[in-house]
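Atoms considered below: every heavy atom in the structure, side chains included; atoms not considered: hydrogens, waters and symmetry mates. In each ligand, atom 1 is the first atom listed, and ligand 1 is the first ligand listed.
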Amino acid sequence: MSEGSTAICPGSYDPVTNGHLDIIGRTARIFDRVIVGVVNQPVRKKKTLFTAEERAGFIERALRGIDNVEVLTFSTLLVDFARENGATTIVKGLRAISDFEYEFEMNQLNRKLAPEIESAYVMASSEYSFLSSTGVKELATFGGDVTDLVPDEVAAALRERIER
Ligand code: PNS
């Protein structure tokens, strides 16, 4: 990787899971600087359970100790956010073939908008290949135990938010 390379790990992170943290941590070993981009309001999803500030805060606190990662929220096109932050690469996690179609479409759209920004994909570790924010929210809604799947603070926040 070239000197001073910056990657963006974008997502809704509603909420962040241990699978996301694994991808971000592994990306931070490849790039000099990683910016976790928390989208304010995902267009393709219904209203988020947590605000963008809450979602960003969970990630920030979970990643304390990894010096080359910072967490920012954004409300623009992803490629504009990447350009504003001097990033050369968008890094996303892939869990299964079912992720491919959506990611392929995003890849083509982003390349059309910004051919100079490359997208790269990190394969989920096998222990997280089933894990999604949607699944975690569903488990928590029905009283399932999510403590192994998300940071402790997120598990507590899910219990509190869902009880309300
Ligand atoms: O975790 P998600 O929900 O899969 O993340 C989706 C995200 C944030 C990567 C995507 O919604 C996004 O890039 N949003 C910003 C708007 C944008 O640039 N869309 C893609 C090109 S039209």
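In this structure, the side chain of Asn68 engages the main chain of Phe31 through a donor-acceptor pair within 3.5 Å. At least one donor-acceptor pair under 3.5 Å links the side chain of Arg26 to the backbone N or O of Met123. With hydrogens and angles ignored, the 3.5 Å screen pairs a side-chain donor or acceptor of Asp145 with a backbone N or O of Thr147. Panel note: side chain Arg55, backbone Phe50; a donor-acceptor pair is recorded below 3.5 Å.
Under 3.5 Å, the side chains of Asp22 and Ser125 contain a donor-acceptor pair of N or O atoms. Residues Ser75 and Asn40 bring a donor and an acceptor atom of their side chains to less than 3.5 Å of each other.
The nearest protein heavy atom to atom 7 (C) of ligand 1 is not closer than 4.0 Å.
Taking all heavy atoms of Leu109, Leu113, Thr76, Val39 into account, the minimum distance to atom 16 (C) of ligand 1 is reached by Thr76.
Atom 9 (C) of ligand 1 has its closest protein heavy atom at Lys92 NZ, 3.5 Å. Given atom 12 (C) of ligand 1, the protein heavy atom at minimum distance is Leu78 CB, 4.5 Å. At the top of the distance list for atom 21 (C) of ligand 1, counting protein heavy atoms only, stands Asn110 OD1, 3.5 Å. Protein heavy atom at the shortest distance from atom 5 (O) of ligand 1 is Gly11 CA, 3.4 Å. Counting only heavy atoms of the protein, atom 2 (P) of ligand 1 lies nearest to Ser12 OG, 3.4 Å. Looking only at protein heavy atoms, the nearest one to atom 20 (C) of ligand 1 is Met106 SD, 3.5 Å.
Taking 4.0 Å as the cut-off, Tyr102 counts as a neighbour of ligand 1 on heavy-atom distance.
Between Asp99 and Lys92 no salt bridge is recorded (no basic side-chain N to carboxylate O distance below 4.0 Å).
Of all the atoms in ligand 1, the ones that sit under 4.0 Å from a non-hydrogen atom of Phe74 are 15 (C). The contact set between ligand 1 and Leu77, taken as ligand atoms under 4.0 Å from a residue heavy atom, comprises 17 (C), 18 (O).
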Derivation of the side chain to side chain donor-acceptor pair (under 3.5 Å) call for Tyr121 and Asn107: CA-CA 10 Å; Tyr121 301 86; Asn107 180 302; 2.9 Å; yes
